[in-house]
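Below is one structure; the comments refer to it alone.
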Amino acid sequence: MSQKRLLLIDGNSIAFKAYFALPKTFTNKAGLHTNAIYGFHTMLDSVLARVEPTHILVAFDAGKTTFRTEMFQDYKGGRPTTDPELREQFLPLREMLAARSIRYYELPNYEADDIIGTLATRASEAGFLVTIVSGDRDMTQLATEKITVEISKKGVSDIEEYTPAVVQEKMGITPKQIIDLKGLMGDKSDNIPGVTKVGEKTALKLLWEYQTVEGVYEHIDELKASKMKENLINEQEIALLSKKLATINLTSPVEIELDELAMKEPDAEKLIAFYQENNFNEFLSRMGSAVEEEVQEISYEVVENFSAEHLANAEVFHLETFGENYHEAEVLAAVVGNKEKLFVTSNLDTLSSSEAKKWLDDRTKEKIVFDVKAISVFLSKMDLSIKGVKHDVLLSAYLLDKLDKTQEIAGVAKKLHTSPIKFNEDVYGKGAKYAVPMFFEEVESFAAQKAFATLNVSERLHEELEEKEMLHLLLEMEMPLAIVLSEMEEKGIAVKPEVLDELSVDLMSRIEELKTKIYAQAGVELNLNSPKQLGELLFETLGFDYKLYSKKTKTGYSTNAEVLEKMSVVAPIVDDILTYRELQKLQSTYIEGLKKSRRADGKIHTRYQQALTQTGRLSSVDPNLQNIPIRTEDGRKIRQAFVASKEDWVIYSSDYSQIELRVLAHISQDEHLKSAFMEGQDIHTSTAMRVFGISSPDEVTPLDRRNAKAVNFGVVYGISEWGLAKNLGIEPYKAKDFIDKYFEKYPGIKQYMEEVVREAKEVGYVETMFHRRRNLPEINERNFARRSFAERTAINSPIQGSAADILKIAMNNLHTRLAKENLQANLLLQVHDELIFEVAKSDVEALDKIVRSEMEDAVKLSVPLVADSAWGESWYDAK
DNA sequence: TGTGTCACG
DNA sequence: ACGTACGTGACACAT
């Protein structure tokens with residue numbers, strides 16, 4: 001008979017630990033918190049793997065009153081009440097245990113400790129090895145040769161193992177003496193009093209000498225006179241009571257036979273339902289492979305060339321690449337094929353064969369891919385292109401919120417609970433270990449798996465898009481845009497390093513001057529780039545009261561521009577620090593950063609993340625060309641380095657005027673906002689007039705306009721009193737006044753906001769004009785901050801997202817139009833509401849006409865769309 | 001690797 | 001009583 005092992009888990013204390021170890025962002029479909037359950041599950045998995053028990057039980061506390069409170073009313077007194085966010089997890093936690101066929105138990109009048117102590121004793125007497133898992137150190141008193149106590153520390157899986165030897169080594173006493181220790185020193189967390197002034201050190205010394213509380217009192221006369229001795233004598237009763245309270249009951253009336261605790265198979269059906277309900281996708285996918293015994297077989301063949309036969313029935317095309325940035329990444333392998341059979345080659349030349357070219361170029365040969373933008377960039381380097389792409393799984397997964405931050409097909413497969421495949425990191429490693437695997441077969445197999453997974457999920461995503469009326473968004477907006485973007489990225493924008501160098505010389509000398517000046521004023525030298533050191537200088541060395549200007553952060557004092565500006569009156573030094581910061585930012589991020597990004601062709605090739613933002617905007621990385629300075633003159637000069645790549649060409653820029661407010665006017669149908677735009681008024685002036693009751697535009701002061709502008713921004717962001725107050729530097733009650741007046745004057749906006757939030761609460765998501773969705777799982781949260789955030793998001797996302805959609809439509813239309821008209825012009829950059837081109841001087845007027853009309857007519861709204869344009873030698877001059 | 005800061009729309 | 005304006009990316013520092 002093999003060794004039986006019993007695992008006993010202290011349910012309350014582990015749930016408690018897990019709750020505090022994990023963020024409260026875990027919620028289930030009903031909006032209830034699940035972080036403690038999730039953490040409990042994780043802990044359970046790791047301890048099960050480690051201990052491999054044959055028997056198991058989770059013990060819970062039954063209630064507040066126990067035999068201990070009868071002995072001592074204040075036992076565990078003074079404890080704060082359990083958070084409702086934790087309390088709501090106890091029932092589902094039991095459900096999870098039930099689904100996993102794990103027995104749980106509670107006993108009126110007794111604590112979980114007593115159940116565990118009793119069963120541990122019975123089991124060890126019956127020849128079991130016992131492991132106890134708890135977050136409570138008191139349990140260590142149960143440790144014996146047969147009973148191991150594991151105490152979970154900070155994290156959920158970080159544990160400390162206690163055997164009698166460990167206890168002996170740590171404290172010099174036996175586990176049994178823990179109760180004597182508590183008797184003398186008490187226990188704050190359980191409100192066990194202990195003897196006055198006796199702490200851990202004193203108590204241990206006494207126990208080393210006299211073994212037990214009783215022993216101490218038998219020999220109390222031997223102690224030399226002291227306050228401590230007096231306390232001991234006076235509080236003998238308390239010491240004995242404390243010991244009693246700390247003693248785990250080993251003979252509780254637990255009505256369970258050990259046999260009943262034998263490990264059982266989980267109830268798969270219940271467990272799957274539970275995981276689904278609680279969004280435990282990771283656990284679900286792990287089950288998936290365990291449940292569907294038959295893992296789908298992937299059949300692939302490594303070939304030297306793609307033959308016409310291979311291509312004839314191919315449905316998928318995949319390029320396996322190595323490198324962080326595809327502008328310089330290496331293609332390792334290509335895959336074509338279908339679910340029955342895939343063909344993998346590392347001979348990329350085969351893509352240029354007439355058969356392959358023909359297949360790639362044939363629109364009637366429909367292809368499914370993952371990331372057509374990246375594929376197009378790679379192919380274009382080989383002078384190839386791909387046509388007939390009917391489904392880009394990257395983009396559809398993005399639209400359906402099925403991408404995780406890895407942006408890989410493996411993440412999609414995981415979210416959809418299909419056969420799991422590896423992530424790039426698993427095959428190529430990361431950091432210093434990022435490398436192509438030693439055995440190339442691994443790459444070939446990985447490439448085939450990705451191609452298979454792409455096919456495997458494509459149908460489901462396609463169907464889901466159809467259901468949600470989002471197919472149009474994929475086929476007519478995102479997929480065509482991917483091609484437009486690939487051309488923009490591939491083209492790149494020319495950057496003159498001489499211009500940057502010139503700016504750099506000036507900046508560096510000014511930075512040095514400022515540094516010297518600041519050190520002189522400070523009286524010490526420090527690293528000005530360190531917020532920590534700067535905070536210490538201002539609020540410790542120089543003695544400014546942080547409470548007046550700043551607030552504490554996790555690492556020190558906040559020293560951001562807002563704080564420094566507040567201090568400017570009393571501390572002239574901060575003006576120089578602000579300037580230093582500004583120039584340092586320009587130097588490191590823009591001068592040095594951009595120079596590093598320039599490639600051999602003298603151009604910068606950014607990459608647009610098309611499948612990332614929550615609203616449908618693009619983002620630009622490596623480098624980010626969507627945040628090149630413009631607001632200060634020093635910063636704006638950076639734009640002088642961005643020029644056309646050919647002689648006699650210029651930079652042309654066109655941007656939408658107030659697109660977000662125009663979108664708001666359209667979707668809210670607010671009469672007043674609409675008419676302001678239809679009459680072509682300055683929108684902030686118009687708002688100022690209405691809200692502040694001013695009759696003529698001439699009477700609107702700059703301050704009025706500024707306030708109105710802030711209110712307009714606030715409206716788009718999902719206005720809050722506090723946010724507006726902070727932005728304007730006024731009191732929240734004044735901000736409230738602005739908001740109230742605004743809503744009174746623009747009732748349609750108020751109605752829109754209420755409606756969009758109401759609807760979001762009902763269906764759990766919001767949509768743009770073109771059905772782009774954003775899910776808002778926290779919209780019905782009980783937590784005020786999270787719910788409020790979701791509500792503001794519900795207001796903002798349709799506005800920001802619709803504006804993004806409109807520019808995408810304009811870009812696609814422009815792309816087609818420019819190809820047709822054969823202009824000497826290239827679209828180079830997109831900055832959310834702005835498009836930047838390079839164009840032959842001779843074609844500027846023609847381009848201007850086309851661009852403005854395509855932007856203004858991209859969609860028909862109930863207010864006009866207006867695009868303003870400009871051009872010049874550099875991006876700086878296109879203003 | 002996380003935090004603070006700051007650049008843009 | 002709660003803690004915020006919406007959406008991003010890159011840099012330097014500190015751990």
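Chain letters run A, B, ... following the sequence lines, proteins first, then strands; residues in each count from 1.
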* Has the side chain of A/R792 got a donor or acceptor atom sitting under 3.5 Å from an opposite partner on the base of C/dT4? -> yes
* To do: Using the P atoms only, state how far C/dA5 lies from B/dC6, rounded to an integer number of Å.
  => 14 Å
* Assign A/V716 to base, sugar-phosphate, or nothing according to its heavy-atom contacts below 4.0 angstrom with the strands shown. => nothing
* Considering only atom P, compute the distance from B/dT3 to C/dT4 and round it to an integer number of Å. => 14 Å
* Name the closest nucleotide to the A/R581 side chain, picking from B/dG9, B/dG4, B/dC6. => B/dC6
* Which nucleotide in C/dC6, C/dA12, B/dC8 has an atom nearest any side-chain atom of A/R774 -> C/dC6
* Structure fact -> Quick note, A/K585 side chain, CB onward, closest among C/dT15, B/dG9, C/dG9 is C/dG9
* Asked: If you check the A/T559 side chain, which of C/dG3, C/dG9, B/dT5 turns out closest?
  -> B/dT5
* Answer yes or no for this row: A/F789 ring on C/dT4 base, centroids under 5.5 Å, planes under 30°. => no
* Asked: Closer than 4.0 Å, any side-chain N/O of A/R617 to the OP1 or OP2 of C/dC6?
  -> no
* To do: Would you mind reporting whether A/L514 and A/T579 have side-chain heavy atoms less than 4.5 Å apart?
  => yes
* When the nearest nucleotide of DNA chain C is assigned to A/N796 and to A/K596 on a heavy-atom basis, which residue is associated with the more 5' position? -> A/N796
* Structure fact -> Ranking C/dT15, B/dG9, C/dA5 by distance to the side chain of A/N727, first place goes to C/dA5
* Verify the ring-centre separation between A/F642 and A/Y876: is it less than 6.0 angstrom? => no
* Asked: Any side-chain donor-acceptor pair under 3.5 Å between A/S653 and A/R639?
  -> no
* To do: Could you work out which one of C/dA5, C/dA10, B/dA7 sits closest to the side chain of A/P629?
  => B/dA7
* Pair A/Q751-A/D670, side chain to side chain donor-acceptor pair (under 3.5 Å): steps then yes or no -> CA-CA 9 Å; A/Q751 214 186 334; A/D670 179 274; over 6 Å; no
* Asked: Which nucleotide in the list B/dG9, C/dA5, C/dG9 gets nearest to the side chain of A/F713?
  -> C/dA5
* To do: Assign A/S720 to base, sugar-phosphate, or nothing according to its heavy-atom contacts below 4.0 angstrom with the strands shown.
  => base
* Given C/dA10, C/dG3, B/dT3, which nucleotide is nearest the side-chain atoms of A/S788? -> C/dG3
* To do: Looking at every strand, decide which applies to A/I719 at a 4.0 Å heavy-atom threshold: base, sugar-phosphate, or nothing.
  => base
* Parallel, tilted or perpendicular for A/W871 and A/Y652, by the 30°/60° rule? -> parallel
* **Nearest to side-chain heavy atoms of A/S530, which nucleotide of C/dG7, B/dG9, C/dC13** => C/dC13
* To do: Answer with base, sugar-phosphate or nothing: what part of the nucleic acid does A/K430 contact at a heavy-atom distance below 4.0 Å?
  => sugar-phosphate
